[in-house]
Each structure stands twice: as structure tokens, then as C-alpha cells.
Number of protein chains: 2
Amino acid sequence: MNQNKNQQYEDLLVKNGLKRTGARLQVLDILSHRDSATSQPYLENVIGKEIDRVTLYRILKTFEEKGIIHRVLDNHGTANYAICSNSCSEHNHHDEHVHFNCNNCLRVYCLDEVKIPALKIAKGFKVDDMNLIVSGICKECNQAN
Amino acid sequence: MNQNKNQQYEDLLVKNGLKRTGARLQVLDILSHRDSATSQPYLENVIGKEIDRVTLYRILKTFEEKGIIHRVLDNHGTANYAICSNSCSEHNHHDEHVHFNCNNCLRVYCLDEVKIPALKIAKGFKVDDMNLIVSGICKECNQAN
DNA sequence: TATGTTAATGCATCATTATTGCAAATGAAA
DNA sequence: TTTCATTTGCAATAATGATGCATTAACATA
């Protein structure tokens, strides 16, 4: 089971022409077990000093470029990362779903089931990507009160 | 005319319980003459050393809190500021319109005429605000080619 | 108009994040 | 196991966000 998962991550790396390093596998493992998008500072806390800050930064950058993860900016402008759905690839890398940023716990949820509706943008403007962030109080924080 | 405008900004400050200082008036003047949301670095360039970086930072922060300007994060997580429509106030401060971030010239446009459609968010989540950023190539950059 | 009070500013300073260069280490393939 | 390109760690820098404090400026009122 764990073996399977690991194999899966390794394949993912190889498929994207990346070497299977401990650091990369660890990042994939952590991200895949999170139910919300994850910031680099969070990853640094979990990982500790095993992986250098710059290395982590580059891993995330590489993963994003390859379409392995996507990046969401929360309300504070901090980058958060989540593993992409299978449909993403290096050159077709859209996460058309909505994100929810909790103002209390600061978590960023991927609301996969909520798509961004089509919009009428003034002509002359060429749309490449859309990013919708909803902020408020998340389910867990609501229930906690 | 210019006199009028200035009077208008001064009223705006007084209305919000803020003192009419040169720095604040200058910021309001610059922002109101821009056709897109403006970053602090841009303001620093235009203003020069007349206003301290921290002062500018605090002016923008105050203005945002009072609902005089709103803040949009572009694709790089940099804050950009634009003067609010009249309907904004300290406690009713929503800019429900869409923003367009040009990947070429990096400008952030307020698409005032495009509203964010209503969404069905999973229940349990309490929505406070929504922020939709469309990115691509803007009209001017398209025409320039 | 002078003056006292509060708000605003400038300067010093620090934290965090993003980013690059380069040498050393490591993975993968021959 | 040797080779070569990739990856990593370390050093270092830039940009941005943020706070404390002494000084200055705005404004109400005496």
C-alpha cells in the first residue's frame, strides 16, 4: 500500500523527466496527505532541516512547472501548493476550480467540485487563466465555535 | 477643476477621520489618475524620496482599512491598489468585480463591469469575500503586436 | 493667533519570502 | 564503476511586510 503510493510518486517523477530523490518523494508524500493546499513554511516545519529551504523552493517550483502541483496564492499573497488532478501536464495546466481561504485557520481548500463560471471579458483581452479565491470561515472553524 | 479634485480628496480624508496631509493627497492623486491598480513599488518610483517607504505602506494600509482603496493581489502575490467605487466604506467594503492581470505588462485592471457570479459553496463554509483574477494578455499588449 | 493634544511621519530595524550563483553530492545510464 | 547531467546545500542578495520610537505636523480650541 505504502509501497504502491511510493511507486506511484516515483513514476510521476520519471514521467516528468525528474530524478527520484528523497527530498522530492518526501514533498509529494506530505502534499498528498494534506486536505488543503500547503505553504512552504508549513512544509519547512514538518520536514525540519532535512531539506534545505532553497531546495524545497526549487522542488516546488519545478513541480509547478511540470504540472505536478499547482500554486494558489492565499489572501496574504503567500504561495500554497496542492497536487494537481491527473488532467494536468506541463503545457495544459489549468486548475479551473475554486479555492477557499479560511480567515481563521488560514487553510486553503481546493473546492474541486466548484468550477469557475464562464465570464464575458471585454474583447481585446486574451484570457489564459482564471483564479477565484473565496475567503471566509471554513467548515471546521465554524463547527469549533 | 484641479481645485475641485483636490477638494474632493480632502473631503474624502476628513469623512474618514483622517488628517489631510500632503503625502495622502499625493497618493490619492496618483491613484486616481491611473487606469489600473497600482503597486507600492510603482508608487515609490513615481513619488521618489518625498515620502518614506514605511509612510507609504501605512497610508495604503489605512486607506484600505477605511475602504478608500481596495487591494488586489496579482499573480505574483504583489499587492496592487485602486481607488474604490463610491459604494465602499469601512464596514461595507467589497469589490465584487473581476480583476485582469496582464502577463505581459503586468498591469492589473479593474473590470468594473464584470461581476463575480454567485457560486454554490459547500455548506458549513461561510463566505465573506470573493476574489477573481483573470490573467492573460491585455488589450494594449495585444494591439502592440 | 498661539498652543496643547493627537495623529502622522521618518528612521532604524527585523522577519519572511523569493531568487541566484556556485561548488559539492547524487542519481542514472553507459 | 565511471561518467555526466541533475540536484542539492550554502552563501548571499533583493523585495516586501511589519513594528517601535522619537520627531513633526495637523487641527481643534482657548
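Fair warning: this is a prediction, and the values are worked out from it, not measured in the lab. Here is how names work: the chains are called A, B, and so on, in the same order as the sequence lines, proteins then strands, and each is numbered from 1.
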Between [N] and [X], counting only base atoms on the nucleotide and side-chain atoms on the residue, is there a donor-acceptor pair under 3.5 Å?
| X | N | answer |
| --- | --- | --- |
| A:Arg24 | C:dG27 | no |
| A:Arg58 | D:dG9 | yes |
| B:Arg71 | D:dG17 | no |
| B:Lys19 | C:dT6 | yes |

Map B:Val54 and B:Thr78 onto DNA chain D by nearest heavy atom, then report which one ends up closer to the 5' terminus.
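Closer to the 5' end of DNA chain D: B:Thr78.
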
Most 5' of B:Leu18 and B:Tyr57 on DNA chain D, judged by nearest nucleotide
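The residue whose closest nucleotide sits nearer the 5' end is B:Tyr57.
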
Whole-Å gap separating [atom2] ([N]) and [atom1] ([X]):
| X | N | atom1 | atom2 | answer |
| --- | --- | --- | --- | --- |
| A:Leu13 | C:dA28 | CG | C1' | 14 Å |
| A:His76 | D:dG17 | NE2 | C1' | 12 Å |
| B:Leu56 | D:dT16 | CG | P | 11 Å |
| B:Leu73 | C:dT17 | CG | C1' | 14 Å |
| B:Asp52 | D:dT24 | CG | P | 15 Å |
| B:Ile59 | C:dG10 | CD1 | P | 8 Å |
| B:Lys66 | C:dA8 | NZ | P | 8 Å |
| A:Asn80 | C:dT16 | CG | C1' | 15 Å |

Which heavy atom in A:His76 sits nearest to a heavy atom in B:Leu73, and how many Å separate them?
C-CD1, 4.1 Å

Which atom names give the shortest non-hydrogen contact between A:Glu44 and A:Arg53, and what distance separates them?
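Closest approach of A:Glu44 to A:Arg53, heavy atoms only: OE2-CG, 2.8 Å.
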
Would you mind classifying the nucleic acid contact of [X] as base, sugar-phosphate or nothing, using non-hydrogen atoms under 4.0 angstrom?
| X | value |
| --- | --- |
| A:Glu50 | sugar-phosphate |
| A:Lys49 | nothing |
| B:Arg20 | sugar-phosphate |
| A:Thr55 | base |

So, does A:Arg24 use its side chain to make a donor-acceptor pair with the main chain of A:Lys19 at under 3.5 Å?
yes

Between B:Thr21 and C:dT9, does any side-chain N or O lie under 4.0 Å from OP1 or OP2?
yes

Just N and O in the side chain of A:Lys61: are any of them under 4.0 Å from OP1 or OP2 of C:dT20?
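So the side-chain polar atoms of A:Lys61 do come within 4.0 Å of the phosphate oxygens OP1 or OP2 of C:dT20, strictly under.
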
A:Phe100 and B:Phe125 aromatic ring geometry - parallel, tilted or perpendicular at 30°/60° bounds:
perpendicular

Ring centers of B:Tyr81, B:Phe63 separated by less than 6.0 Å:
no

